[in-house]
Protein chains: 2
Amino acid sequence: MTAHLAGGDLNRLRQLNADSVIRVLRDEPPQTLTELSRRVGLSRASTEDVVQELLEVGWVAEVEPAAGGVGRPARRYRFRADAGHLLGVDIGGHKVLAVVTDLDGTVLHSRQVPVTPELGRSERLAATDRVIGRALRAAGLTGDRLWGAGVATTGLVDGTGRVMLSEALTEWTGVDLAGHLRDRVGGAVRVENDCKVAALAETWRGVARHASDMVFILAGWRTGAGLIIGGKLHRGFGNAAGEIGALPAAGWQRAPGHLRARPDQGDVFAAARAGDKTAMAALRRYVKDLAQGVSALVLTLDPELVVIGGGFSRSADVFLEPLRAELDRWCLRTPEIRVSTLADEGVALGAAKLALDMSSPQLRTRR
Amino acid sequence: MTAHLAGGDLNRLRQLNADSVIRVLRDEPPQTLTELSRRVGLSRASTEDVVQELLEVGWVAEVEPAAGGVGRPARRYRFRADAGHLLGVDIGGHKVLAVVTDLDGTVLHSRQVPVTPELGRSERLAATDRVIGRALRAAGLTGDRLWGAGVATTGLVDGTGRVMLSEALTEWTGVDLAGHLRDRVGGAVRVENDCKVAALAETWRGVARHASDMVFILAGWRTGAGLIIGGKLHRGFGNAAGEIGALPAAGWQRAPGHLRARPDQGDVFAAARAGDKTAMAALRRYVKDLAQGVSALVLTLDPELVVIGGGFSRSADVFLEPLRAELDRWCLRTPEIRVSTLADEGVALGAAKLALDMSSPQLRTRR
DNA sequence: GCAGTTATCAAGGACTCCATCTAAAGGCGT
DNA sequence: ACGCCTTTAGATGGAGTCCTTGATAACTGC
């Protein structure tokens with residue numbers, strides 16, 4: 001029924017504790033053992049034991065002790081983000097982007113190539129290979145040195161890493177992305193929908209770091225959503241969670257059209273910001289439609305936070321307030337709204353997080 | 001961030017394992033140690049140890065071994081549902097219902113009194129007290145012998161057991177239900193929205209027993225929803241999850257009205273079943289509106305299952321197929337739809353489950 | 001009655017966590 | 001410079017949990 005944390009083995013207990021230590025160390029500045037033990041809830045002795053093990057495996061490193069203070073100086077430990085590398089790939093309609101990150105989600109190297117939605121399947125795959133190759137070369141890595149790789153793309157993705165349905169990209173439905181990538185990077189590959197991993201990225205390195213219930217809105221020429229529920233990415237039974245846009249009443253199919261239908265093809269956001277009346281009216285209609293779907297998500301889930309990402313998020317200043325006002329009309333409790341700061345790399349970063357989540361459990365301890 | 005299963009203590013490991021054993025024993029017919037150990041993933045010896053402990057505390061009991069079969073007959077153990085009792089209370093507009101159940105969710109005693117939505121606060125509370133008293137007397141229990149009590153009512157409920165907002169009941173907003181009940185039954189009381197606990201009941205004793213992602217629809221003169229996500233009840237950050245009905249576009253505010261607006265005030269479902277044209281048309285309009293909101297929930301969450309409960313569920317035969325067809329129009333993947341079989345007691349049963357979830361952890365083991 | 005099968009029970013070992021104690025390292029006052 | 005105080009490091013022994021192994025017990029079928 002639930003993915004219940006079956007107790008089991010003693011080993012498992014140690015793993016859980018090692019997990020806790022790593023989590024604390026990753027979120028906080030370097031800690032002493034005493035601080036750590038208080039944080040994790042273990043005794044000092046056990047904490048020391050765990051840390052010792054993590055040191056040996058390379059997950060944590062020691063930093064020189066802080067000067068000053070009374071008593072014997074305590075050793076301090078930090079998370080070793082450089083212990084491994086992750087590859088995150090974003091295969092979109094207009095660009096393919098690959099990033100190599102450390103375990104903390106810092107982007108070390110980033111490469112992209114422009115593509116078009118009309119590109120054929122094999123050309124898009126070739127572009128992907130090319131970008132991955134460049135990113136890896138820039139990092140001085142080979143595929144098999146990676147801890148894992150994550151791939152994000154538009155459309156519905158099934159559990160085995162195959163694209164079930166993609167409306168935006170030609171010849172993309174049915175492509176076996178996991179299979180294609182597996183040969184190019186060593187071993188572990190996971191594939192997921194781009195909105196979903198963008199949500200993941202926000203909880204990892206973005207503006208939703210401490211939210212356990214969050215709705216991510218991809219606002220761009222496509223509109224989509226990704227959901228974090230109970231601190232975890234919610235995929236849905238058929239991997240189709242967050243697809244509220246399929247409902248006409250949600251307004252998402254129509255929403256971006258309001259912005260496109262302008263006589264001059266300039267930046268509607270800039271025009272609206274400058275006071276252009278027709279641009280402002282178009283934006284109002286966009287927000288009104290967008291808000292329908294967002295309201296549905298918010299009323300359904302009652303999240304702590306809504307994060308706006310996607311291409312339009314860089315212009316969010318002009319529509320954030322109207323959006324908030326529109327949500328106030330419908331929602332019982334309008335959540336806080338934040339704008340993503342991850343820019344173009346959000347999706348690729350989330351893909352890297354996918355890779356991390358997949359790879360960590362095995363490597364956490366000696367055994 | 002997440003409510004992470006902090007490892008901690010060795011004791012905790014044993015608790016997790018005891019949990020697993022109990023879960024298996026509750027879901028399955030009496031098991032032998034060998035079967036159990038395979039199920040739980042522990043060695044036979046450890047399983048025996050756990051079971052021994054659970055025997056002493058009273059959570060499990062031995063049944064006489066099965067006859068027949070080769071080899072030494074194995075001892076068999078069953079979950080002792082009669083080890084404790086739970087109280088579940090459903091405070092609605094038209095009735096107040098209290099049930100006393102065993103730990104398995106079997107209703108042992110059930111009492112109810114009719115009320116009206118217009119009843120004042122103190123009268124409704126008095127009716128509640130009366131019903132609880134009767135149910136407890138019938139069970140031969142006093143409040144302090146209960147393992148816990150759960151209360152469900154319409155409206156939004158906050159974390160402390162206070163009704164934040166109730167539109168259907170007069171003088172109900174602001175009432176401190178947990179406080180009121182705490183004096184009458186011993187100790188632990190939890191209060192929750194009725195749709196939410198009805199969903200809980202379906203995963204416990206209803207038709208959603210093995211679904212970890214489920215949407216429960218309360219279909220009646222009010223329409224509401226409760227969500228099970230990842231095997232757990234999803235409350236939302238402000239306890240307002242599932243309130244999609246607040247969105248006009250979802251159609252739920254209007255939906256039941258189609259059924260009420262008939263010239264003769266008979267049973268519209270019976271009439272539709274008999275072929276009455278206007279009744280069928282009204283039902284069609286009802287389903288069309290209902291499906292908008294349900295589609296929004298389904299597209300958002302992509303659940304494994306949708307369960308229809310509430311007053312109309314007993315007439316679901318006449319609108320289940322139309323509903324399914326309507327969902328097919330909007331949803332990418334229409335989930336399985338089942339009809340609740342818990343009848344009037346669903347909400348009260350879910351309230352009892354609330355009580356169980358709250359009370360079990362402490363009492364699980366000796367220490 | 002005997003072989004075959006399966007379960008119970010006990011003993012020993014490994015691992016994890018904890019409490020406690022001593023040694024070490026630095027600041028501070030005299 | 002010296003001892004005192006505070007805090008941490010590191011080591012030891014004990015308790016709890018799980019696992020493996022092997023001896024013993026109970027029942028069936030021939």
Side-chain angles (χ1 to χ4, degrees), chain A residues 5-22 24 30-57 60-78 364-367, chain B residues 5-22 24 30-57 60-78 364-367:
Chain A
L5 258 286
D9 213 321
L10 274 189
N11 232 321
R12 178 136 188 70
L13 187 61
R14 169 55 71 93
Q15 275 206 358
L16 288 176
N17 286 332
D19 258 25
S20 300
V21 167
I22 288 179
V24 171
Q31 304 268 308
T32 71
L33 284 181
T34 326
E35 289 163 352
L36 255 182
S37 76
R38 230 191 306 278
R39 216 44 121 61
V40 175
L42 290 179
S43 74
R44 215 207 79 102
S46 303
T47 309
E48 184 172 5
D49 212 34
V50 171
V51 168
Q52 196 54 44
E53 187 173 329
L54 291 175
L55 261 175
E56 288 172 24
V57 187
V60 306
E62 194 174 341
V63 303
E64 74 292 0
V70 61
R72 175 172 177 170
R75 292 184 166 182
R76 278 154 65 242
Y77 301 91
R78 66 169 177 87
R364 188 134 297 170
T365 55
R366 277 187 278 255
R367 285 154 291 285
Chain B
L5 257 287
D9 205 317
L10 273 190
N11 232 320
R12 176 136 187 71
L13 186 60
R14 168 56 71 94
Q15 275 204 359
L16 288 176
N17 286 332
D19 258 27
S20 300
V21 167
I22 288 179
V24 171
Q31 304 267 308
T32 71
L33 284 179
T34 323
E35 290 162 351
L36 255 181
S37 76
R38 230 190 307 276
R39 219 39 122 63
V40 175
L42 291 179
S43 75
R44 217 207 79 100
S46 301
T47 309
E48 185 172 6
D49 213 34
V50 172
V51 168
Q52 196 54 43
E53 187 173 329
L54 290 175
L55 260 176
E56 287 170 25
V57 186
V60 307
E62 195 175 340
V63 303
E64 74 292 0
V70 60
R72 174 173 176 170
R75 292 183 167 182
R76 278 156 64 241
Y77 301 90
R78 66 169 176 87
R364 189 134 297 172
T365 54
R366 276 188 278 254
R367 284 155 291 284

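Below, chains carry the letters A, B, ... as their sequence lines are ordered, and counting in each starts from 1. Heavy-atom basis, side chains included; hydrogens, waters and symmetry copies ignored.
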Taking side chain as C-beta onward, heavy atoms only, is B:Q15 less than 4.5 Å from B:R12? yes
Would you mind reporting whether A:R14 and A:L10 have side-chain heavy atoms less than 4.5 Å apart? no
Can you check the B:E53 CD to D:dC18 C1' distance for me, whole Å? 13 Å
Taking the minimum atom-to-atom distance to the side chain of A:N11, which one of C:dT16, D:dA9, D:dT20 wins? C:dT16
Using OP1 and OP2 only, check whether a side-chain N or O of B:R75 sits under 4.0 Å from C:dT6. no
Side-chain N or O of A:S46 versus OP1/OP2 of C:dC18: is the shortest distance under 4.0 Å? yes
On DNA chain C, check which nucleotide each of A:G71 and A:S43 is closest to and give me the residue with the more 5' one. A:S43
Can you see if the side chain of B:R14 gets near the phosphate of D:dC18 - specifically, an N or O under 4.0 Å from OP1 or OP2? yes
Looking for any heavy atom pair under 4.0 Å, which part of the strands does B:T34 touch: base, sugar-phosphate only, or nothing? sugar-phosphate
Any side-chain N or O of B:R44 under 4.0 Å from OP1/OP2 of C:dT8? yes
What nucleotide among C:dC18, D:dT6, D:dC18 has an atom nearest to a side-chain atom of B:L42? D:dC18
List for me each residue that meets salt bridge (Lys or Arg N to Asp or Glu O under 4.0 Å) alongside B:R75, sequence neighbours excluded, and say none if there are none. B:E62
Nearest-angstrom distance from the residue atom CD of A:E48 to P of D:dT7: 18 Å
With a non-hydrogen cut-off below 4.0 angstrom, is B:A45 in contact with a base, only sugar-phosphate, or nothing? base
Send over the distance from A:E62 CD to D:dT8 C1', rounded to a whole Å. 12 Å
Compare all side-chain heavy atoms of B:E35 with those of B:V24 and state whether any distance is below 4.5 angstrom. no
Starting at CD of B:E35 and ending at P of C:dT8, how long is that distance when rounded to a whole Å? 11 Å
Start at the 5' end of DNA chain C and walk down; is the nucleotide closest to B:P73 or to A:V50 reached first? B:P73
Grab the CZ-P distance between B:R38 and C:dT6 for me, whole Å please. 11 Å
Is the phosphate of C:dC17, meaning OP1 or OP2, less than 4.0 Å from a side-chain N or O of A:N17? yes
Without decimals, in angstroms, what is the distance between B:Q52 CD and C:dA10 P? 10 Å
Expressed in angstrom and rounded to an integer, what is the separation of A:L33 atom CG from C:dC17 atom P? 14 Å
Can you confirm whether B:V21 sits close enough to B:N17 that some side-chain heavy atom of one is under 4.5 Å from a side-chain heavy atom of the other? no
In whole angstrom, give the distance that lies between atom CG of B:L10 and atom P of C:dC18. 7 Å
Does B:R72 get its side chain close enough to the base of D:dA25, under 3.5 Å, for a donor-acceptor pair? yes
